[in-house]
Every structure is written in structure tokens, then in C-alpha cells.
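In this text, all values refer to a predicted model and were calculated from it rather than measured experimentally. Every chain is numbered from 1, with letters handed out A, B, ... down the list of sequences.
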There are 2 protein chains.
Amino acid sequence: MTAVSGDGTPPEDLGITVQASIYDVAKAAGVSASTVSRVLSGARSVRPESAAAVMAAVEELGYRPNQLGRALRRRSTQAIGMIVPRVDNPFFPSVVQHTEEYLRLQGYALLLCTSNDDPGIEAQRLDMLTERQVDGLLISPCHQTRSLPAVRRAAERIPLVQLDRSVEGETYDFVGVDDAGGIRQLITHMRSLGRWDIAYVGGDRGNWSGAQRHTAFLAALDGSEPDPERVLLASFSERWGREAAERLLTSPTPPDAIVCGNDLIALGVLSAAARLGLRVPQDVTVSGYDDISMAVLAQPSLTTVRQPVEELTRQAADLLLARITEPGREPCTLTLPTQVIVRGSTCPTHADEGPLHAGGAADGVPGVHVAR
Amino acid sequence: MTAVSGDGTPPEDLGITVQASIYDVAKAAGVSASTVSRVLSGARSVRPESAAAVMAAVEELGYRPNQLGRALRRRSTQAIGMIVPRVDNPFFPSVVQHTEEYLRLQGYALLLCTSNDDPGIEAQRLDMLTERQVDGLLISPCHQTRSLPAVRRAAERIPLVQLDRSVEGETYDFVGVDDAGGIRQLITHMRSLGRWDIAYVGGDRGNWSGAQRHTAFLAALDGSEPDPERVLLASFSERWGREAAERLLTSPTPPDAIVCGNDLIALGVLSAAARLGLRVPQDVTVSGYDDISMAVLAQPSLTTVRQPVEELTRQAADLLLARITEPGREPCTLTLPTQVIVRGSTCPTHADEGPLHAGGAADGVPGVHVAR
DNA sequence: ACCGTCGCGGAAATCGATTGCCGTGAATCA
DNA sequence: TGATTCACGGCAATCGATTTCCGCGACGGT
């Protein structure tokens with residue numbers, strides 16, 4: 001059955017050769033397909049001669065098992081699907097890198113997709129991965145509410161864990177960071193430097209991070225009046241940071257500090273400040289969020305909030321594996337602590353001079369780390 | 001056969017519900033599985049009443065076809081595997097983004113993997129994707145020679161196209177850019193500014209881009225002596241750029257221009273220069289390669305070589321689709337032209353002042369574009 | 001009235017691998 | 001010696017969807 005070659009015609013070598021199936025191996029080794037399967041999987045003991053014959057045939061034919069057939073029968077693809085909003089924000093590649101590495105050690109392959117911050121594309125990807133029978137899903141939903149229907153649909157069929165961002169209106173497993181705490185710490189830091197007129201440039205409130213950080217900013221201002229001119233929201237991009245900073249810094253009453261929704265925005269702000277001839281941190285202090293690798297290289301280097309990426313991905317992966325083995329468990333939410341990294345964009349004493357490879361030193365405030 | 005529920009026990013709703021198969025739909029609709037398949041695929045005409053019954057059952061059961069079964073039978077997964085060396089170099093995310101978008105329009109899903117610049121991991125990923133029966137592979141091999149065995153093994157079974165980087169020793173379809181031409185243009189540009197003592201800071205020669213660009217730099221120097229102190233090779237990272245620049249610029253005879261192997265290196269160089277109190281471009285000019293989005297925001301903005309990413313991905317995807325439909329065709333190599341983007345890091349007259357959103361203007365030299 | 005044709009539906013084979021079940025022969029034990 | 005266990009191998013069912021082949025009834029043409 002299902003013999004593959006030997007139909008009389010010469011091989012006619014054209015690039016791609018037909019794949020040998022387990023039956024071809026069985027025939028070449030003079031055993032049954034069951035035996036081949038058992039040799040390869042080690043599921044049951046096999047006579048050494050048979051095993052040797054099988055291995056020889058595998059080698060000879062260059063046999064590689066078809067994971068489609070295996071997955072169909074086993075009801076497990078040993079693959080995890082992952083969906084992140086963007087890959088041009090360095091934070092997510094970093095998350096992806098760690099996740100892939102960790103899951104590989106657990107014997108899973110990672111299938112990565114991008115939603116491009118579009119709930120429609122995200123839903124397509126979610127459906128695609130579901131139909132391809134991944135064993136689990138990791139997702140940073142691109143929108144708090146508009147992502148919900150597709151996330152719900154997927155979670156009904158497949159173990160799903162959210163990381164870094166979450167949807168609202170239903171609770172699924174979620175590993176995030178203390179976004180609000182990070183912002184609060186930053187504000188405290190700014191005020192300790194004598195900065196009281198603090199502006200906020202953030203992403204839109206559609207996604208979790210944007211909403212959390214903005215809300216935290218407003219809350220941290222408690223006493224002060226929330227001047228609408230001081231709070232600008234649009235997108236998590238350098239371009240927006242630049243544009244917003246231009247608006248803020250050319251106004252008659254510019255703020256003396258700018259807290260940004262993430263590092264990309266902050267880099268845009270630094271760019272605009274430099275262009276306008278303003279000195280950072282003397283004229284205005286600036287902070288970011290995420291601690292991407294560019295942050296330490298910026299001019300000046302960027303004060304920011306570091307998310308514990310490795311911990312984040314490990315916890316999310318563990319949560320997913322737990323839900324795979326035990327689908328009925330209660331949804332659980334983990335919030336990891338963040339850490340403020342103080343650099344030159346807020347602290348002149350840490351401006352970018354001195355040896356390039358100096359280490360940092362804690363300055364006594366819990367959760368605040370002074371670098372370089 | 002394969003009835004799914006109705007075994008007497010109550011539903012016992014725990015998170016995940018069992019997936020309905022095409023047979024469940026058939027039973028609910030009172031037709032055969034063949035008919036369900038035909039309704040869903042539109043392969044053959046079906047009586048309207050049957051079709052309606054099927055659609056109702058699909059809706060009712062929330063049926064989603066299992067792509068594993070479909071792919072097994074159809075011998076096509078409608079998925080393309082892609083492997084890039086890193087995702088923390090913004091150039092590749094950009095390539096990925098465009099590729100995914102284009103392939104989606106052609107009805108393919110993209111499964112993305114990262115090799116982390118490690119030929120061993122790359123080989124694993126290649127095998128994994130091959131065993132999962134992707135219809136084609138797109139790869140930027142992380143190493144010119146060490147990637148060859150795994151690439152060969154994969155290409156023997158599945159249509160494969162290389163993009164941006166290639167292996168050596170065997171020719172497979174490849175879409176790249178004129179790396180050498182870009183470097184030559186940069187050198188010409190530097191010399192036209194009166195800079196003759198040009199240093200090169202690049203990635204290692206293990207991968208295609210590193211080797212091409214380094215070789216081109218040496219070749220462009222023809223007359224001049226290739227001072228080994230002036231050519232530093234290690235990795236395509238900001239960190240390396242910073243370290244190398246520190247070495248170059250603190251030497252007794254610093255160069256008056258630094259050509260970098262990519263933008264990340266160049267950003268590191270700018271960072272080191274600023275820290276050492278050197279002015280760019282007055283004291284030293286700096287150029288990058290790739291035109292990542294940070295390049296325009298750097299202080300000063302970065303002169304660089306733009307790769308035609310969209311064209312690159314479109315051509316690579318088209319080549320792959322062509323090879324899928326016609327596996328026997330001759331391997332083909334495409335080399336796309338690059339374009340130098342002149343910005344503030346080489347040209348003081350284009351320093352970063354003026355309106356933020358100004359467009360650029362061509363300065364008459366072919367292939368050279370003066371931005372902002 | 002008879003014979004093709006057409007529309008439509010279903011049974012069954014198929015894709016590739018896994019696994020429950022049974023059979024066979026050898027070894028062990030009473 | 002006869003019974004029981006054990007090691008090992010193969011048959012066939014199975015996962016879920018597609019597709020070939022065939023059958024049935026209706027319809028049109030002569």
C-alpha cells in the first residue's frame with residue numbers, strides 16, 4: 001500500500017524528491033509500519049535486528065516523520081501559537097525571543113504571528129492558529145475591548161494565556177506587570193528632582209498598557225489639576241513622541257518634565273528636544289517605559305521602567321503549560337513588579353560621561369535602580 | 001461514527017469544549033460528510049436546502065475545520081515557514097511584516113521562527129518546519145557556510161528561497177540587495193565631503209551581509225592601504241558599535257569618517273562619539289546601513305543605505321510561489337539596487353533643524369537621496 | 001417510450017502516523 | 001509435560017477532511 005516509487009520510470013531528478021512515508025520505511029526494512037513507529041518512538045521494545053533494519057532504512061530513505069499525520073492521531077501538535085501586536089517595537093521581539101527559547105526546552109515549537117495592532121488581523125491569526133490545532137496560545141491582545149470576541153472564541157477551544165496586555169470584560173489567565181506602579185515611581189522620582197509641571201505623552205487607551213499607564217498618571221497627579229494640554233495620547237511610536245513633544249515644548253508654558261508611555265515615544269521626545277535646542281535633563285526631564293536596548297544608548301541615556309521580561313515570559317509559559325495539562329483550573333492573574341532605571345535623561349549627575357562599561361548602583365529608594 | 005456527545009453524561013462545562021468534526025455537522029444537518037465538505041469548499045453544487053441545513057449546523061455547533069486533516073489529505077498546508085536570524089535588529093521585523101502581509105493576500109499563513117544567529121537552532125527550526133509540511137520556506141541564513149547542510153536538507157524536500165542573505169557553496173533561489181554597491185556609494189559620498197581616512201566597523205564575516213559589506217569596503221579603498229587598525233569586525237549590535245568607536249576615536253590618530261556595517265552599529269558609534277565630546281559630522285562623519293526607523297531620529301540623524309524592503313519581500317515571495325508551482329525551475333538570483341540616504345551624520349547642511357516634517361530633495365547624484 | 005445527460009448525495013478510499021488488540025513462539029514455572 | 005507469562009510483530013481502526021466513484025431520480029431529446 002502507498003508504495004512511493006518503483007513505477008518503472010527513472011528517478012528524473014528534479015529538485016524536490018517525493019517524501020518517504022512510514023510504509024516505505026517498513027517495506028525497505030522488511031517489517032510493518034507499527035514496528036517502525038515503535039522503533040522511532042521507543043514506545044515498546046523491539047528486537048535489536050528489527051530495530052537496526054529500521055534505522056538503516058530510515059537512513060537510506062532519509063525518512064522524516066510527517067508531523068501532520070502524527071498530530072492528527074496524537075491529538076497534539078506540540079506547537080504553541082503566539083500573537084504579538086507589533087515587532088517593530090523592540091519590547092515584543094525581546095518577549096518573543098525569551099518565550100521561544102523557554103518553550104523549546106519544554107519540547108514545544110513556537111508559531112509566531114503579528115496582529116499589526118489591528119483587531120481584525122488579530123482575529124484572523126487567532127482563528128488560523130486554532131484551526132491548525134496548536135496546543136496553546138500566548139497573546140498580547142492589541143485592544144482591550146475589540147480583541148475580546150476573537151480571544152473568547154479561541155479560549156473556548158484552546159488553552160490561552162495573555163501576557164503583558166489583557167482584554168477587559170472577561171478574565172483569562174494573564175501575566176502582566178505593575179504598569180501603574182511603574183508610572184507612580186517615575187512621578188515620585190520626577191518630583192524628588194523638583195519637577196512639578198509634568199506632562200504625559202502616551203499611546204492610545206485602546207490597549208491595556210496605554211490605558212493602565214494613562215490612568216496611573218492621572219491618579220498619581222491626585223492633588224494637581226489634570227490640564228488637558230499636558231496629556232497627549234495617540235500611538236506608541238517615535239513619530240508620535242516627536243510630534244507631541246514639539247507641541248508641548250514650543251508652547252508658551254512648556255512643562256519641566258515629560259513622562260512617556262514607552263521608550264519609543266521617549267526617543268521621539270528626545271529627538272524633538274535636541275532639535276529645538278533644549279537641554280535634557282536641565283531644561284526638561286524625560287522618561288520612557290520598557291527599557292529597550294536603545295534606551296541606554298540614547299543621547300542622553302533614557303530613564304525608564306524595566307519590565308521583568310524573562311520572568312514575564314517564564315510565568316506565562318508555565319501558566320499555559322499548566323492550563324494545557326489541567327484545562328479546568330481557575331483563571332489566574334499575575335502582576336510582576338517593575339523597576340525604575342534612572343539614567344541621564346532625568347538625572348544630570350548620571351549624565352553620559354565616565355567609563356562606558358561602568359555598572360550602576362542602587363540609590364536606596366526601593367524599586368529604583370540608578371544605572372550608569 | 002465518531003459521535004461527540006450524547007453519551008448520557010451532562011455537559012459538565014469546563015472551559016474547553018470538545019471540537020465538533022465534520023461528521024458531527026453532517027449528523028446534525030442530516031446529510032453526509034461529503035456534502036458538508038462540498039458546501040464548505042464550494043467544490044460542487046449542492047441543493048439549497050441541504051446547504052442551508054449544513055450552514056445552520058455549522059453555526060449551531062460552532063464548527064471550524066481541522067486544518068491538520070485537510071492538509072494531510074490535500075497535501076498542502078497553505079503555510080509558509082520563515083526563518084530570520086534575529087528579531088532585535090529592526091531590519092528583520094520590517095521584512096517579516098511585509099512578507100506576512102503579502103503572503104496573506106496570496107492565501108498563505110506565515111509561520112515565523114528565529115535562529116538567534118545560531119546555525120544549530122536554525123537547523124532545528126528548518127527541520128521542524130519541514131516536518132510540519134509547510135508549502136515553502138523563506139530564510140535569511142545566519143551563516144554562509146555553517147547554514148549550508150540544513151538548508152540543503154530542507155531544499156531537497158521543500159521549495160526554498162533565501163532573502164537578504166545567502167549560503168555559499170550551492171545556489172538556491174536568492175533575492176538580495178547590492179550590498180557592495182551601497183558601500184561603494186557611501187565611500188564615494190564620504191570622499192566627496194573631503195573625508196579620506198575612513199574606518200569600517202562591521203559585523204563578523206560569518207554571514208552574507210557581513211562578508212559582502214566588508215569585502216566591498218576593502219575593494220572600494222583600492223588605492224589606499226587597508227590599515228588593520230581601521231577595520232573592526234565583531235557583531236551587528238549597538239554595543240559593538242560603541243565599543244569599536246571608543247577604540248577608534250580615542251586613538252592618537254582617529255579617523256575622520258566611520259562607515260558602519262549596519263544602523264545598530266552606527267547608533268552605537270554616535271553614542272560613543274557624543275560621550276567623548278566629539279561632534280558629528282564636524283569631527284567625524286558616520287554612516288549606517290538598512291535605514292531602520294530609528295535612523296531618522298538619532299542625534300544627529302543617520303546617513304545610511306536604504307534597502308528596498310518591500311520590493312525584496314515581494315520578489316522573494318513571488319519567487320517562492322513560482323517554485324512551488326514549478327519545482328523543477330532553475331535557481332535564480334536577484335540583486336536589487338540600494339539607495340544612499342544622506343542625513344545629518346555626514347552632511348552639516350542637512351543637520352536636524354527646520355520643520356520636522358519636511359520632505360527630502362534629490363541632489364543629482366544617481367542612487368543618492370538627500371533626506372530632510 | 002427509451003436513452004443519454006445532468007444534478008445531487010453518499011459510501012468508501014485516502015493522506016501518514018499511532019495504538020489497541022490479538023497471535024505466535026519462546027521461556028518460565030508448577 | 002502442560003500451563004502461564006512474556007517479548008515481539010502485525011492487522012486494522014483511528015484521527016478529520018477530501019475526493020473519486022457510483023447510484024438514483026429527473027429531465028430533455030428523438
Side-chain angles (χ1 to χ4, degrees), chain A residues 1-5 18-54 57-58 61-79 130-135 157-158, chain B residues 1-4 18-54 57-58 61-79 130-135 157:
Chain A
M1 339 63 192
T2 61
V4 128
S5 60
V18 180
Q19 302 236 8
S21 82
I22 200 169
Y23 286 95
D24 300 312
V25 175
K27 186 191 292 182
V31 298
S32 77
S34 321
T35 302
V36 176
S37 173
R38 293 200 261 253
V39 170
L40 262 28
S41 71
R44 243 180 54 181
S45 76
V46 169
R47 200 153 42 98
E49 303 103 89
S50 309
V54 167
V58 164
L61 298 176
Y63 170 74
R64 311 249 37 171
N66 181 325
Q67 298 292 346
L68 255 37
R70 164 199 286 255
L72 187 59
R73 175 62 222 239
R74 283 241 184 115
R75 303 177 136 283
S76 156
T77 50
Q78 290 294 102
T130 305
E131 291 181 354
R132 285 176 196 274
Q133 314 295 126
V134 293
D135 291 347
R157 310 178 150 260
I158 293 185
Chain B
M1 332 72 190
T2 62
V4 127
V18 180
Q19 302 235 10
S21 82
I22 199 169
Y23 285 95
D24 300 312
V25 176
K27 186 190 291 181
V31 298
S32 76
S34 322
T35 301
V36 176
S37 173
R38 292 200 262 254
V39 170
L40 263 27
S41 71
R44 243 179 55 181
S45 76
V46 169
R47 201 154 41 98
E49 303 102 90
S50 309
V54 167
V58 164
L61 298 176
Y63 170 74
R64 310 250 37 172
N66 181 325
Q67 298 292 346
L68 255 35
R70 166 199 286 254
L72 188 59
R73 175 62 221 236
R74 283 239 185 118
R75 304 178 135 282
S76 155
T77 51
Q78 290 295 99
T130 305
E131 291 181 354
R132 282 173 198 275
Q133 314 295 124
V134 292
D135 291 347
R157 313 180 148 257

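- OP1 or OP2 of C:dG10 sits under 4.0 Å from a side-chain N or O of B:Ser32.
- For D:dG16, neither phosphate oxygen OP1 nor OP2 lies less than 4.0 angstrom from any side-chain nitrogen or oxygen of B:Arg70.
- The phosphate of C:dC8 has neither OP1 nor OP2 within less than 4.0 Å of any side-chain N or O from B:Arg44.
- We find that CD1 of A:Ile22 is positioned 6 Å from C1' of C:dA17, with the value rounded to whole Å.
- Side-chain atoms of A:Arg74 and A:Gln67, non-hydrogen and from C-beta on, never get closer than 4.5 Å to each other.
- A:Glu49 has its CD atom 16 Å from the P atom of D:dA7, to the nearest Å.
- Both B:Ser50 and B:Arg73 lie close to DNA chain C; mapped to their nearest nucleotides by heavy-atom distance, the more 5′-ward contact belongs to B:Ser50.
- D:dC15 atom C1' lies 15 Å from atom CD of B:Gln67, rounded to whole Å.
- A distance of 14.0 Å separates CZ of A:Arg73 from CG of B:Leu68, quoted to the nearest 0.5 Å.
- Within a heavy-atom distance below 4.0 Å of DNA chain D, the residues of residues 33-42 of chain B found are B:Ser34, B:Ser37, B:Arg38.
- Close to C:dC15, at under 4.0 Å from its OP1 or OP2, lies no side-chain N or O of B:Arg75.
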#### Entry: Step-by-step side chain to side chain contact (heavy atoms under 4.5 Å, CB included) determination, A:Ser50 to A:Val39
CA-CA 8 Å; A:Ser50 309; A:Val39 170; 5.6 Å; no

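- Listed nucleotides: D:dG16, D:dG9, D:dA7. Nearest to the side chain of A:Ser45: D:dA7.
- Phosphate contact (OP1/OP2 of D:dT19, side-chain N/O of B:Arg74, threshold under 4.0 Å): present.
- Atom-to-atom, CG of A:Asp135 to P of D:dC15 comes out at 18 Å; the value is rounded to the nearest Å.
- To the nearest 0.5 angstrom, A:Arg70 atom CZ is 11.5 Å from A:Thr77 atom OG1.
- Nearest-nucleotide positions on DNA chain C place B:Pro48 closer to the 5' end than the other of B:Pro48 and A:Tyr63.
- Within the 4.5 Å cutoff, the side chain of A:Arg157 has heavy atoms near those of the B:Arg64 side chain.
- Comparing B:Leu72 and B:Ala43 along DNA chain D, the residue whose closest nucleotide (by nearest heavy atom) sits nearer the 5' end is B:Leu72.
- Taking only side-chain nitrogens and oxygens, A:Tyr23 never comes nearer than 4.0 Å to OP1 or OP2 of D:dG10.
- When the P atom of C:dG16 is taken as reference, atom CG of A:Asp24 falls 8 Å away, rounded to whole Å.
- Regarding B:Arg47, its CZ atom lies at a distance of 13 Å from the P atom of D:dG25, rounded to whole Å.
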